[in-house]
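Notes to accompany the following structure.
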Amino acid sequence: MVFDGIILAILIGFLRKGSLKGFAYLSFRAGWIFPLLLLIEIGIFTYQSSYAWIGEYSGLVFMLIYAVGMMFLWLNRKMNVGIPILLLGVFLNFIVMALNGGRMPVSLEAATILDPAYANAIQDGLYGKHAVLTESTVLGFLGDVIPITDPYPKDQVISIGDIVMNIGIFIFIQRVMVKNQHPEGSSSATKKLST
């Protein structure tokens, strides 16, 4: 869902006569953190079925990834108004996962729009980041409980946190792409982006 949100935000940015040039002016604090976390997460998804110990500790690792990711967003919160909104969305996902063993609860009822193999995999514990939402789930309403289907091109089940994250990403990208929001169009923006 986040990837879809990025693509949509960029397309709308172009429709608003924006450009990607604004990204060249971004300077994140501790910018190396994000690609490192992404590589770790890809590694977990790739090898958790091959190595039992990865699947066993993946919940803890995901919590650490979220915690470090939130620290990264906090460090850069003043760069763009979209970042604090993104941080809130990440926190909402983090809190429900942290209270449920490091896994994102997924509603099997909502997941009926997906391939049955997905629900079976969650029930069998093959998706290290997800678990079945049950009556004992804490703050289950923050889990993946919102089904997204036609006319959306790809069936998905998302959380409130995912929606908030996408709003933050959308605002972030719009403010970067629209010309009067980056140095090429505004001297005041130059000062903001360079701090």
How long is the gap from OG1 on T149 to CG on D155, to the nearest 0.5 Å?
3.5 Å
Is the shortest heavy-atom distance from the side chain of N76 to the side chain of M79 under 4.5 Å?
yes
Enter the distance from F34:CZ to L39:CG here, rounded to the nearest 0.5 Å.
10.0 Å
Contact list for residues 31-42, test side chain to side chain donor-acceptor pair (under 3.5 Å), sequence neighbours left out:
E41-K129
Test ring-ring contact (aromatic ring centres under 6.0 Å, His included) applied to F28 - qualifying residues, sequence neighbours left out
F72
Under the side-chain contact (heavy atoms from CB on, under 4.5 Å) rule, collect the residues that match up with V164, sequence neighbours excluded.
I85, L88, L92, I160
Heavy-atom pair with the smallest gap, counting every atom of G5 and N166:
CA-OD1, 3.1 Å
Decide side-chain contact (heavy atoms from CB on, under 4.5 Å) for I173 and I6; before the verdict, give the C-alpha distance in whole Å, the side-chain angles of both, and the deciding distance to 0.1 Å.
CA-CA 8 Å; I173 291 175; I6 292 172; 4.0 Å; yes
Smallest heavy-atom separation, L86 atom then L73 atom, equals CD2-CD2, 3.7 Å
Between I146 and I148, is any pair of side-chain heavy atoms under 4.5 Å apart?
yes
Please give me the minimum heavy-atom distance between M165 and N93, naming the atom from each residue.
SD-ND2, 3.5 Å
Does I158 offer a backbone N or O that forms a donor-acceptor pair with the side chain of D162 under 3.5 Å?
no
Spatial distance of atom CG (L114) from atom NZ (K154) [nearest 0.5 Å]
11.0 Å
Residues 133-145 side chain polar contacts: donor-acceptor under 3.5 Å, at least two apart:
{"residue": "T134", "atom": "OG1", "partner": "S136", "partner atom": "N", "Å": "3.3"}
{"residue": "T134", "atom": "OG1", "partner": "S136", "partner atom": "OG", "Å": "2.9"}
{"residue": "T137", "atom": "OG1", "partner": "T134", "partner atom": "N", "Å": "2.8"}
{"residue": "T137", "atom": "OG1", "partner": "T134", "partner atom": "O", "Å": "3.1"}
{"residue": "D144", "atom": "OD1", "partner": "S159", "partner atom": "N", "Å": "3.4"}

Say whether M71 and L60 are linked into one hydrophobic cluster, either directly or through other cluster members, by side-chain heavy-atom distances under 4.5 angstrom.
no
Test item: L99 and F94 side chains (from C-beta on) under 4.5 Å apart, heavy atoms
no
Heavy atoms only: give me the nearest G102-F62 pair and the separation to one decimal.
O-CB, 4.4 Å
Indicate, with yes or no, if L38 and L64 share a hydrophobic cluster defined by side-chain heavy-atom contacts under 4.5 Å among Ile, Leu, Val, Met, Phe, Trp and Tyr.
no
With P147, which residues qualify under side-chain contact (heavy atoms from CB on, under 4.5 Å), at least two apart?
A110, I113
To the nearest 0.5 Å, how far apart are CG in D4 and OH in Y152?
3.0 Å
Can you sort out the partners of I7 under side-chain contact (heavy atoms from CB on, under 4.5 Å), two or more places apart, ordered by chain and number?
F3, L11
Considering only heavy atoms from C-beta outward, does the side chain of M177 approach that of F14 to under 4.5 Å?
yes
If I compare all heavy atoms of M70 with all of V90, which pair ends up nearest, and what's the gap?
CG-CG1, 3.6 Å
V176 versus F23, closest heavy-atom pair with distance
CG1-N, 3.5 Å
